[in-house]
There are 2 protein chains.
Amino acid sequence: MISIPVLTLKRLPQYLELLYGFEQEGQDTISATRLAELTGVHMTQVRKDISLTGVVGTPKVGHKIKDLIESIESCLNWKDLSSAFLVGVGRLGSSLLGYSELKRKGLNIVAGFDSDPSLAGTLVDGVIVHSMDKFANLCQRMKVHIGILTVPADQAQSTAELMVASGILAIWNFTPTLLQVDENIIVEDVDMSASLAVLSRRLSEKYDHDSKQISKIDNYKNKTDQEKQ
Amino acid sequence: MISIPVLTLKRLPQYLELLYGFEQEGQDTISATRLAELTGVHMTQVRKDISLTGVVGTPKVGHKIKDLIESIESCLNWKDLSSAFLVGVGRLGSSLLGYSELKRKGLNIVAGFDSDPSLAGTLVDGVIVHSMDKFANLCQRMKVHIGILTVPADQAQSTAELMVASGILAIWNFTPTLLQVDENIIVEDVDMSASLAVLSRRLSEKYDHDSKQISKIDNYKNKTDQEKQ
DNA sequence: GTGCATTCGATATTAAAATATCGAAATACT
DNA sequence: AGTATTTCGATATTTTAATATCGAATGCAC
């Protein structure tokens with residue numbers, strides 16, 4: 001199985017999102033050119049990305065939306081459900097348990113786990129919550145290989161170690177902690193801090209505020225508003 | 001102000017996370033070499049990243065941890081607080097309201113907004129929640145320029161438009177929707193789908209399952225376990 | 001103090017990603 | 001039917017990011 005570049009993988013769900021919309025609107029085909037316009041990705045890049053999923057289009061027409069969806073979904077292995085355990089049923093954790101879109105993206109959270117014993121046995125959005133000491137056993141018995149990590153930062157590393165010891169092969173890490181695990185464990189960070197870093201810096205770069213941020217930004221805003229008129 | 005590459009910006013919070021840890025342990029200095037070991041980033045890359053923040057180290061010793069933290073934080077503009085409004089006080093939204101770490105990352109959520117009128121006037125983690133119709137007015141009066149978008153997907157685009165019309169300059173977007181807004185509005189996506197896409201694909205690539213996923217993975221697991229012994 | 005090991009930081013090389021170019025195929029228009 | 005236009009998809013170029021190399025500076029051991 002060929003290795004698809006990370007950056008391509010990260011763009012594929014963007015295309016999918018648009019394609020679902022077009023499908024609902026009853027559209028039948030879409031061109032890479034149009035996808036490029038809507039995503040801001042260069043059109044040759046869109047073509048490359050699409051060709052990596054293995055689908056072919058027809059000149060002058062574009063791609064059949066159904067085929068494209070099918071191709072991207074199967075490329076991402078979103079067509080059949082993988083079971084996952086979620087550890088840390090706080091607000092972030094439980095918002096994931098209630099996020100039904102995950103099932104459309106190949107992820108089936110079959111149980112939650114939390115160190116708070118009062119949660120044990122309860123249902124959160126229809127998902128059973130167990131105490132932590134059940135994790136290893138259930139993980140092996142149910143052959144679950146994906147772990148979702150939504151615990152507080154100070155428990156992240158130890159929980160990750162428990163996961164790996166229990167047979168988890170891939171960790172979807174929502175904590176800011178840099179996990180130190182065996183190198184053939186797949187760790188994928190949902191890195192809020194990274195995203196915030198980009199936002200903060202871009203804002204600084206654009207409005208170049210040294211001390212009186214707000215007023216400078218407001219001046220800028222007024223100026224550009226005037227220019228528009 | 002120089003433009004720092006996105007990929008560097010995304011690595012900086014990782015370094016910070018480690019540095020906070022070292023600081024607490026009472027360490028005084030750290031080498032780029034050591035940071036490279038811990039993050040998996042190449043050591044010359046770490047040096048480049050660090051030099052972009054404008055700090056200099058001393059040969060044989062490394063960098064003073066205090067200086068490095070200071071330098072990265074000010075580079076990301078995390079040293080002084082920026083006010084932000086959050087729209088969509090669901091579980092994801094309220095988990096952000098309760099996430100005190102954001103203040104350490106320069107972000108001060110001063111109010112929440114929700115279309116559910118029963119939430120108006122309530123406090124969530126000490127943050128006041130308003131009804132949506134107050135947004136534009138408060139945004140202008142309080143000169144808030146950062147909007148956090150945690151609404152359901154079908155309200156994402158319209159909410160973003162309201163934000164922009166109200167004077168928001170940067171949107172931190174937690175929805176899977178590709179926002180279509182004026183090009184000089186900064187949009188930064190926290191892209192869960194992108195991250196899941198990478199995880200799913202990497203898992204597929206590694207265990208190359210065509211039909212009987214689980215058993216194949218388990219076979220692989222057993223095999224590698226045996227190899228280790 | 002002198003030599004040695006370590007680390008910085010600048011420059012050079014390599015690798016990868018993004019963009020541009022171009023021919024071929026398919027449809028629509030004349 | 002023939003031509004023009006759009007779009008695909010392959011190849012080539014450019015740009016950017018990652019890695020390697022190397023000299024200089026610093027501290028430590030002797």
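Convention: sequence-line order gives letters A, B, ...; per-chain numbering from 1.
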- N or O in side chain of A:Arg47 less than 4.0 angstrom from D:dC8 OP1/OP2: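 Checking D:dC8 against A:Arg47, a side-chain N or O does come within under 4.0 Å of OP1 or OP2.
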- Examine D:dA18: is either OP1 or OP2 under 4.0 Å from a nitrogen or oxygen in the side chain of B:Gln45? Give yes or no. yes
Nearest-Å distance for atom pair [atom1]/[atom2], residues [X] and [N]:
X: A:Leu7; N: C:dA15; atom1: CG; atom2: C1'; answer: 14 Å
X: B:Met43; N: C:dC8; atom1: CE; atom2: C1'; answer: 10 Å
X: A:Leu52; N: C:dA17; atom1: CG; atom2: P; answer: 10 Å
X: A:His63; N: D:dT7; atom1: NE2; atom2: P; answer: 11 Å
X: A:Glu37; N: D:dT6; atom1: CD; atom2: C1'; answer: 13 Å
X: A:Ile30; N: D:dT6; atom1: CD1; atom2: P; answer: 16 Å
X: A:Lys48; N: C:dA17; atom1: NZ; atom2: C1'; answer: 7 Å
X: B:Lys10; N: D:dA18; atom1: NZ; atom2: P; answer: 12 Å

What nucleic acid atoms does [X] come within less than 4.0 Å of, heavy atoms only: base, sugar-phosphate, or nothing?
X: B:Thr44; answer: base
X: A:Val41; answer: nothing
X: B:Arg34; answer: nothing

- Between atom NZ of A:Lys64 and atom CG of A:Asp28, what is the distance when rounded to the nearest 0.5 Å? 5.5 Å
- Query: Rounded to the nearest 0.5 Å, what separation is found between the CH2 atom of B:Trp78 and the CG atom of B:Leu16?
  - Reply: 6.0 Å
- Query: Under 4.0 Å between a Lys/Arg side-chain N and an Asp/Glu carboxylate O for A:Glu70 and A:Lys79?
  - Reply: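 Salt bridge present between A:Glu70 and A:Lys79.
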- Query: More 5' along DNA chain C: A:Pro59 or A:Thr8, using each one's nearest nucleotide?
  - Reply: A:Thr8
- Using heavy atoms to find the nearest nucleotide of DNA chain C for A:Thr58 and A:Arg11 separately, return the residue whose nucleotide is more 5′. A:Arg11
- Query: For the side chain to side chain contact (heavy atoms under 4.5 Å, CB included) test, which of A:Thr150, A:Asp189, A:Val190 pairs with A:Asn173?
  - Reply: A:Asp189
- Would you verify whether the NZ or CZ of A:Arg34 falls within 45 degrees of the ring axis of A:Phe22 while also being under 6.0 Å from that six-membered ring's centre? no
- What nucleotide, of D:dG9, C:dT7, D:dA20, holds the atom closest to the side chain of B:Ser31? C:dT7
- Using heavy atoms to find the nearest nucleotide of DNA chain D for A:Lys60 and A:Ser51 separately, return the residue whose nucleotide is more 5′. A:Lys60
